[in-house]
Structure formats: C-alpha cells, structure tokens
2 protein chains.
Amino acid sequence: MDQLLAHIQQYISLSGEEITILKRTLSTTTFDKNHKLLEAGEVCHFNYFVCKGCLRMYFFKENGTEHTTQFAIENWWLSDYLSYLTQLKSPFSIETLEPSEVIALSPDTSDLLATEIPQLSKYFALITQRAYAAAQMRIKFLQEFSGEELFNHFTSHFPEFLQRVPQYMMASYLGFSPEYYSRLRKKTP
Amino acid sequence: MDQLLAHIQQYISLSGEEITILKRTLSTTTFDKNHKLLEAGEVCHFNYFVCKGCLRMYFFKENGTEHTTQFAIENWWLSDYLSYLTQLKSPFSIETLEPSEVIALSPDTSDLLATEIPQLSKYFALITQRAYAAAQMRIKFLQEFSGEELFNHFTSHFPEFLQRVPQYMMASYLGFSPEYYSRLRKKTP
DNA sequence: TTGCAATCTTGAACCAGATCAATTTCCAGC
DNA sequence: GCTGGAAATTGATCTGGTTCAAGATTGCAA
C-alpha cells in the first residue's frame, strides 16, 4: 500500500487527508504463485498495481501456443486496457508468477477517487501516457531487432528479469520459440 | 477544426464559450504530400490531430531499411509519446502521405487548455487510453499472426487503407518485405 | 528422499520469409 | 504526351528461426 502511495507521490503531492481517503478506499490483496487474476474470455474488471511480486499477461493462439505480451513487477500497472475501458470480454489472461501483493483498481473506484482527489487524475493520465509510450517503443523494438538482437538487448537492459521469469515465457515475450531461446543463451553466456 | 470539435464532443460536451476558447487557441495547418512534420533526431514537440489526410510515423534501422510503426487518418492523434512527454530526441520521423490538414498540440497548449476547460482533461485521458489499448492489440496481432494472416486480417478489416498507402509502407508496417507483400497480394486477389 | 512433472537442452530436418537481381508498371513533372 | 525515377512484380537462392523428437535438468509435492 505504501508502495502505491510512494509511487503516486513521485508524480503529484498528496495531503494527509487525501492519503487517508486512498487508504480507506484501496486495499492490497495477496495471491499465491500461479494465481489467475484474469481468465481469457472474462471481462477485465481491474487495473492491477504490483506492490510486490510479478504478473504477466498472455494469450493463446488457436494452435494452443501461449504468448506473453507483458510482464509487470513492482510499481507497474497492468491490465487489458481495451477490456478494462469497454467492459468487453478479454482475449488475455493475467496471472502471478510469484507470490504477489497487488492493488486492484476498478474504473468505478478510479472515477470515485478522481472526484475526491482531483490531482489523482493527473497521476492516472501520466501513468497511461507512460504505458502508451512504452508500448510504442516495444512495437519499435519488435520491428527493429532480430531475435538475437532482442535477446541481447533484453539481457543487457533487464538482467534482473531473467532470474524471475521462466525461459519459455521470456522466449514468447520476445517472439520466438523456447528452443531458439536456449540456443541464443548458449551462444552468449 | 470542426473535425476536432466534433471529435471532442463525441466524448464530452462543450459550452459555446469553451468552443470559442478552443477556436482561439488552436489552428489547423495545411501541408503538402510528403511533408516532414518530425525528423528523426529532433524532439517531438507536438501531438498531431489529423483533420484531413494521412500521416505515418516511421524509423530507420542501421542497415538503412525503413519501418512504419503507425499510420493516422482523419480523427486520429499521432505522436512519439515518449519524446513528446520527456522532450528528449525522437528516433522517429512523421510525414504526410497526402496533402493534409492537421492540428498540432504542444504539451504547454495542452496544459493551458486543460486548465481553461477542465472537461478537456477527460477527453485527453480517454484518447490516450484508447491509443494505449490499440497499441496493446497491435502487439498481440504481431505476436499472434503469421505474415499471411496479418495481411488477410488487415485487408479484410481496413480495405480503405490499402488504397491510400503505398504497398512497401504497408509491408513494413505489417513486418515483412515489399517482395513478400507482393506475393501475398497475388495469392489472394 | 524420492518420484514425477515441468522446464531446458540438443540435434536434424524443414519452411516462412528475406535477399538479390532483373524486369515491368506506374506516375509526377516538364 | 514524353520521360526518368520510384514502386511493384517475379524468379532464384539463401537463412533465421521453427518444428519434431529425444534426452537431461530442475523443482516441488508427498
């Protein structure tokens, strides 16, 4: 919970009263490893803030192969935004990869908080802008880099991730097969 | 200009006075075909709204090949959000593909308008959310579909685009070579 | 501690899509 | 209405990455 308050206060300042409102309105939930927060075919009712742990969002192709589209660790928000906004069914699943502590925010609660704490809209706007900017860069990387380049880029920029995430998930996140991932790993130890 | 006002009023309602403020503050600019609105290496100072025409955002790999990351037609906003937010240099270029009429919005003007027309923050927030949602779906499609599937999906969902955009740009947008695009096209006429 | 299931590795055959090179078609500007 | 350059097609060849199948490792549940 303090995790989120600290994160918010990186962008806007909160009065004592506002902090009280937030603490009263929001609550953290603890989940085991491999707990499903969203199952493909359901509506994505929440935007999840990770206080502690690690989540991922993924989907299945018709042929049954699984593809991870996003990871989220401490201080990241994660949700299927299209489903979250429209309340239509999501093609994605979201699950914990570690025992995790998250805050689940619904659109209603979000609106409520934004009216009680006007500043908060600015925080949410910033978060969404940053998420969009990150998505733009991810699209660029996927187009720009070969598998090997993606692998090298990722291992050098986010080494901490590799410890926390199974290789076959990393492989599907970067857009190639587990076998090829293993070969790249061998290549540059 | 009315194009933007209409677009805004799909999401929020504006008073006559607010419309006046908008008309006074914003202006449309007309550009020839192939006009560069942003050159790679510069800061992206504006978020562009397309009243009429067509823009694209693209970048170059070291090997010199060009990759289109986004198109924008009427009623779409386009910018390199990371550069726009941080005012750091952008790796992208933005150019018109047709004679176009656009509204260029700077972060300062955006803030100014948001204080004069509080409702407008909601509009901008919605636009960004939708853009983020679209980017999430784009990433999903790029992971989910083979070249041929992407091609079929795109031609069936956005046939109007194909008329307006050169094939080699479509090819790089979908993530493959112009030659392969041509072969796919032949395959399914 | 053991046993089983999930994950990771390795090899060999294969293929979607790239690259290179040679025409052909399409236009924008004179 | 030419004409030169950009865009599109087509064929031949090549390769990054997949797929399939068979072990080797790991890790966790009982």
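Labels below follow one simple rule: chain letters A, B, ... track the order of the sequence lines, proteins then strands, and each chain is numbered from 1.
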First encountered from the 5' end of DNA chain C, between B:S146 and A:Y168: A:Y168
Under-3.5 Å donor-acceptor pair between A:R183 side chain and D:dG16 base: no
Protein-nucleotide distance (A:L97, atom CG; C:dT7, atom C1'), rounded to Å: 14 Å
hbond_proxy B:R185 side chain to D:dT10 base (donor-acceptor, 3.5 Å cutoff): no
Whole-Å gap separating C1' (C:dA16) and CG (B:N152): 15 Å
For atom CD of B:E66 and atom P of C:dA18, their distance in whole Å: 15 Å
Chi angles and distances behind the side chain to side chain contact (heavy atoms under 4.5 Å, CB included) call for B:D2, B:K23: CA-CA 9 Å; B:D2 293 327; B:K23 285 193 170 168; 4.1 Å; yes
Donor on one side chain, acceptor on other, A:S106 and A:D108, under 3.5 Å: no
Interatomic distance, A:N34 CG vs D:dC28 C1' [rounded to whole Å]: 12 Å
Cationic N near anionic O, under 4.0 Å, A:K36 to A:E42: no
Under-4.0 Å side-chain N/O to phosphate OP1/OP2 contact, A:K186 with C:dT10: yes
Nearest-Å distance for atom pair CD/P, residues A:E98 and D:dC28: 12 Å
Interatomic distance, A:F176 CZ vs D:dT19 P [rounded to whole Å]: 14 Å
Proximity to the side chain of B:K33 - top-ranked nucleotide from C:dA28, C:dC8, D:dT10: C:dA28
Length of the line joining B:Y181:OH and C:dT19:P, which is rounded to integer Å: 18 Å
Cation-aromatic face contact A:R138/A:Y173, 6.0 Å, 45 degrees: yes
Whole-Å distance separating the CE atom of B:M170 from the P atom of D:dA7: 16 Å
Nearest listed nucleotide, side chain of B:Q167, among C:dC20, C:dC8, D:dA8: D:dA8
Under-4.0 Å side-chain N/O to phosphate OP1/OP2 contact, B:Y180 with C:dA18: no
Check against side chain to side chain contact (heavy atoms under 4.5 Å, CB included), A:L97 and A:M169: CA-CA 10 Å; A:L97 299 183; A:M169 288 184 195; 3.7 Å; yes
